[in-house]
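For reference, positions follow the sequence shown, starting with 1. Remember, predicted model here, so these are calculated numbers, not experimental data.
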Amino acid sequence: MVRLRRLALAAVLSLPIADAAAATTSGISKLADRLFNGQGSVFEFVLTTRPEDWSRWNPPVNDNYTVQGARGKIRVEGTSLNALARGLRHYANDVLQMDEFWFVDTYKTAPQHLPAPKEPLSGASVVPWRYNLNTVTFSYTFPWYQWEDWEKLLDWAALRGVNLQLAWVGYEKIFLDSLRELGLSNEDILPFFSGPAFQAWNRFGNIQRSWGGKGDLPLAFIEQQFELQKQIVTRMVELGITPVLPAFPGFVPESIKKVRPNANLTVSPNWFAPAPDKYTRDLFLDPLDDTYAELQKLFVSKQIDAFGNVTNVYTLDQFNELSPASGDTAYLRGIARNTYAGLTAANPAAVWLLQGWLFFSSRNFWTQPRIDAYLGGVEDDQGMLVLDLYSEVNPQWQRTNSYSGKPWIWCQLHDFGGNMALEGRVQTLTSAPIDALAQSKSLVGFGLTPEAYEGNEVVYDILLDQAWSATPLDMQAYFASWVTKRYAGISSIPSELYRAWEILRTDVYSNTRTDIPQVPVATYQLRPALSGIANRTGHFPHPTALHYDPRVLQGAWKLMLEALTRQGSLWKVPAFQLDFVDVSRQMLSNQFDVLYADLVNAYKCSTGAGGGRELRSNTPSCDVKAAGARLLSLLSTLDLTLLTSRHFALQSWVDAASAWGKAAGNEDLFTFNARSQVTVWQVNATNLNDYAAKAWGGLVGSYYKGRWSIFVDALIAASSSGSLDEGALARKLQVFEAEWQAGEQAVEQATPQDFRAVLAGLPGSWPELFLKVQ
């Protein structure tokens, strides 16, 4: 059977294996240069199999590698470029006790002479695919990424063995050029696109247009993003990461009726009511319509022209949180059959990657017969690959008969919207995918699908490393090794630090509660109310409850402080600075709930509500003003804490947006989008406002503290009048939110300082301040 291969590698594939390896491993040599301070020439890279372009006729197989000394070189042999990259990390971890982390710079540098391993190092994957990214990650985390950010991410992914990753950047250029060929103009198409921080949902067909009166997505930005995509895809191929490129999903602007007046179009539901229909209700072009196949061919061919024939895997989601127009099984089968026919007409080797989220989010609609019909529309099982998007909490593979036999990937979602609380399920990440591998013959990969990456890096490392172990990893040993590499570079790592992370492992990162299924938001990040926001469980809206006793985290924090006191050089390690601020942030967040309860009780006590005497007996004071002052003071302390690091600063996010906006010629749109996405999507669109809440300095001090100040003032006034006008309070909060979104509220700018120096200026002793629990 004929196998389609990358056109760029056609000449290489005619060479002997050794020559082919020399011709294609230069990207891995450059990776070694970046990782080991320009010493890539010390390594000899050898591919033990021919480079392949995976397709529906040629599914991937498990990888393996070996690292050993050979004739004065360090020889890395592997079955793929990605296996070679994974072998490099194995060498760095085991021989040099160092690693490359994502959110921080590595403190330990490689020695001037790289020693060969004393014994050969080897590894073998247990699944062919190691997958990374969610479509919405490109809006929650990546909208302002520059090339240097992508370069760091791609190195991080390759070193961990990721060999399949979404590549959505610059999609709007392909969309624009394809619709131009149908006869539409820029003016017909550009208003359909959403702002730069909301593009993911436009690509999903959930929303359309920009809002806020800041204009359309600039053409210059579309061109700039496309040039960035060329760099990203080129680097992915060099590192052995198969790019998953976007196919045509079927969503089109109203203007398409100008050139295809008889097109078969369906109006989608309003995705985020009560937002106005004009910002949602996208038009879906029926795959049975001839125009669908025409656009699909344009989308795929234009990407091949731009990037080369670098992949056969395409992402295509038609029903993300949108129900099909009909539940008839014949209709669903026909939709999928014609969708795939359009895709294979453009690329006969194509594999359709589908995010399986629809089977969870719309599980009442997606009965087994409908699932069988829709997935069965792709008759070649190898022509589809399904992401079980939320495997660690709500796996769908069991109830869907392993996605009707289609190949699928076990994925960790973990984080919704980029919320930043400390949370993980380390036991599940090691045992569940291995169990699934034994139970499902069609499981072909493990992967990461968080909506955003905003911390908790250890839980992502665990799953990617589990993909290289046939038995569940030993978490106690894993955490100890992870700490050694994360804080490498100082003379010795204090024992207290290992003990602190052991506490984090056994409690904070061992969530077993099904009613707290993800990274929570903090109570202070929600619109203030007298009830319904603290200790909240469930999936949506986000939970605010903790799955551990907050005193446990205090114990870990004390050990980290003791480690710093004993080994002052720890403060030079960027990873320690980030982690210490992060744990401090979480402690203050937990303490807010105590002060919030005091405030509510003080208000009820002052008004005699809820059985006054009982409340008084549990409340140190009925003084609403004093309780409110303590609560607002804590938010000020939290803001100061976060402002010590640009990683935790709103300014970093807004500055990055501003840089793109200036380059594209519409800074107002970009900074408005940056503020809007993390706070107010649409005024009074309550389901999504505060969904992407962030614990960032500047955001806490201006937005969150601003709302709570309004709330405290309202309670103080109501404690005198005897009743709270909740309608008036809601209107005040809404006005404030809209003003902040529009940039009319002052935001403190980050001026990173030494964390210890900042907190030393606070009243009292800051360790006691942090550890105080009422």
>> Under a 3.5 Å threshold, yes or no: a donor from one side chain and an acceptor from the other, between Tyr487 and Asp579?
In response: yes
> Parallel, tilted or perpendicular for Phe479 and Trp501, by the 30°/60° rule?
Replying inline: tilted
> Would you say the side chain of Asn163 lies within less than 4.5 Å of the side chain of Leu239, judging by non-hydrogen atoms?
Replying inline: no
> Quick one: does Ser481's side chain have a donor or acceptor within less than 3.5 Å of a partner on Ala477's backbone?
Replying inline: no
>> Taking the ring centre of each residue, are Phe103 and Tyr453 less than 6.0 Å apart?
In response: no
> Which heavy atom of Gly240 sits nearest a heavy atom of Asn82, and at what distance?
Replying inline: O-CB, 3.5 Å
> For the ring pair Trp150 and Phe142, is the centre-to-centre distance below 6.0 Å?
Replying inline: yes
> Okay, side chain of Asn93, backbone of Met98: is any donor-acceptor separation there less than 3.5 Å?
Replying inline: yes
>> Before we go on, tell me: are the rings of Trp482 and Tyr498 under 6.0 Å apart, centre to centre?
In response: no
> Given the side-chain rings of Phe446 and Trp129, with only the six-membered ring counted for Trp, is the space between their centroids under 6.0 Å?
Replying inline: no
>> Going by the rule ring-ring contact (aromatic ring centres under 6.0 Å, His included), which residues pair with Phe416 if we only count those two or more places apart in sequence or in a different chain?
In response: Trp357, Tyr390, His539
> When rounded to the nearest 0.5 angstrom, what is the spacing between CD in Gln586 and CE in Met420?
Replying inline: 10.0 Å
>> Can you tell me which residue among Leu561, Leu553, Thr641 is in a side-chain contact (heavy atoms from CB on, under 4.5 Å) with Ser584?
In response: Thr641
> What residues form a side-chain hydrogen bond (donor to acceptor under 3.5 Å, both in side chains) with His90, not counting sequence neighbours?
Replying inline: Tyr65, Asp94
> Atom CG of Asn456 and atom CG of Leu422: how far apart are they, to the nearest 0.5 Å?
Replying inline: 5.5 Å
> For the side chain of Thr234 and the backbone of Lys230, is there at least one donor-acceptor N/O pair under 3.5 Å apart?
Replying inline: yes
> Can you tell me if Lys152 uses its side chain to pair, donor with acceptor, with the backbone of Glu148 under 3.5 Å?
Replying inline: no
> Taking the side chain from Trp660 and the backbone from Trp144, do they hold a donor-acceptor pair closer than 3.5 Å?
Replying inline: yes
> Roughly how far, to the nearest 0.5 Å, is CG of Leu413 from CG of Leu448?
Replying inline: 10.0 Å
>> Going by the rule side-chain hydrogen bond (donor to acceptor under 3.5 Å, both in side chains), which residues pair with Gln577 if we only count those two or more places apart in sequence or in a different chain?
In response: none
> Charged N to carboxylate O under 4.0 angstrom, Arg646 versus Asp655?
Replying inline: yes
Kindly list each side-chain donor-acceptor pair under 3.5 angstrom involving residues 106-116, sequence neighbours excluded, with atom names and distances?
| from | atom 1 | to | atom 2 | distance (Å) |
| --- | --- | --- | --- | --- |
| Thr106 | OG1 | Asp99 | O | 3.3 |
| Thr106 | OG1 | Glu100 | OE1 | 3.1 |
| Lys108 | NZ | Leu96 | O | 2.5 |

> Does atom CD of Glu119 have more than 12 heavy-atom neighbours, drawn from other residues, nucleotides or ligands, at distances under 6.0 Å?
Replying inline: no
>> Walk me through whether Lys30 and Asp155 qualify under salt bridge (Lys or Arg N to Asp or Glu O under 4.0 Å).
In response: CA-CA 10 Å; Lys30 294 173 184 175; Asp155 284 357; over 6 Å; no
> Considering all heavy atoms of both residues, which atom of Thr66 and which atom of Pro120 are nearest to each other, and what is their separation?
Replying inline: CG2-CB, 4.3 Å
> Does the gap between the ring centers of Trp696 and Phe648 come in under 6.0 Å?
Replying inline: no
> For Tyr131, which residues count as a ring-ring contact (aromatic ring centres under 6.0 Å, His included) partner, sequence neighbours excluded?
Replying inline: none
>> Taking Ala692's backbone N and O only, do any of them form a donor-acceptor pair with Lys694's side chain (distance below 3.5 Å, no angle check)?
In response: yes
> If you measure from the Lys or Arg side-chain nitrogens to the Asp or Glu carboxylate oxygens, is any gap between Glu44 and Arg75 under 4.0 Å?
Replying inline: yes
> Can you tell me how far CG of Leu245 sits from CD of Gln303, rounded to the nearest 0.5 angstrom?
Replying inline: 4.5 Å
>> If you define the side chain from C-beta out and look only at heavy atoms, does anything of Val61 sit under 4.5 Å from Pro128?
In response: no
>> Which heavy atom of Met236 sits nearest to which heavy atom of Pro243, and what is that distance?
In response: CE-CA, 3.6 Å
> Quick one: does His414's side chain have a donor or acceptor within less than 3.5 Å of a partner on Glu423's backbone?
Replying inline: yes
> Does one side chain, of Trp54 or Thr242, offer a donor that lies under 3.5 Å from an acceptor on the other?
Replying inline: no
> Hey, are Glu502 and Arg499 close enough for a salt bridge, meaning a charged N less than 4.0 Å from a carboxylate O?
Replying inline: no
> How long is the gap from CG on Asn312 to CG on Leu353, to the nearest 0.5 Å?
Replying inline: 13.0 Å
>> Assess, by modelled atom type and distance only, whether the side chains of Thr135 and Gln355 contain a donor and an acceptor separated by less than 3.5 Å.
In response: yes
> So which heavy atom on Gly40 is nearest to which on Ala32, and how close?
Replying inline: CA-CB, 3.7 Å
> How would you list, by chain and number, every residue that makes a side-chain hydrogen bond (donor to acceptor under 3.5 Å, both in side chains) with Gln231, sequence neighbours excluded?
Replying inline: none
> Between Trp102 and Trp156, does the ring centroid distance fall short of 6.0 Å?
Replying inline: yes
> Quick one: does Thr49's side chain have a donor or acceptor within less than 3.5 Å of a partner on Thr79's backbone?
Replying inline: yes
> Are Asp465 and Arg89 within salt-bridge range, i.e. N to O under 4.0 Å?
Replying inline: yes
> Is the backbone N or O of Gln466 less than 3.5 Å from a side-chain atom of Ser469, with the two atoms forming a donor-acceptor pair by type?
Replying inline: no
>> How about NZ on Lys572, more than 12 heavy atoms from neighbouring residues, nucleotides or ligands closer than 6.0 Å, or not?
In response: no
> Quick one: do Arg86 and Asp63 make a salt bridge, cutoff under 4.0 Å?
Replying inline: no
>> Assess whether a salt bridge exists between Glu496 and Lys558, defined as any Lys/Arg side-chain N lying under 4.0 Å from an Asp/Glu carboxylate O.
In response: no
>> Strictly distance-based, threshold 3.5 Å: is any side-chain N or O of Ser645 a donor or acceptor partner for the main-chain N or O of Leu642?
In response: no
>> One pair to check against ring-ring contact (aromatic ring centres under 6.0 Å, His included): Tyr509 and Tyr548. What are the steps and the verdict?
In response: CA-CA 9 Å; Tyr509 285 116; Tyr548 59 89; 9.3 Å; no
> Looking at CG of Asn511 and CD of Gln427, how far apart are the two atoms once the value is rounded to the nearest 0.5 Å?
Replying inline: 9.0 Å
>> If we count only N and O atoms by modelled type, under 3.5 Å, do the side chains of Trp397 and Ser391 hold a donor and an acceptor together?
In response: no
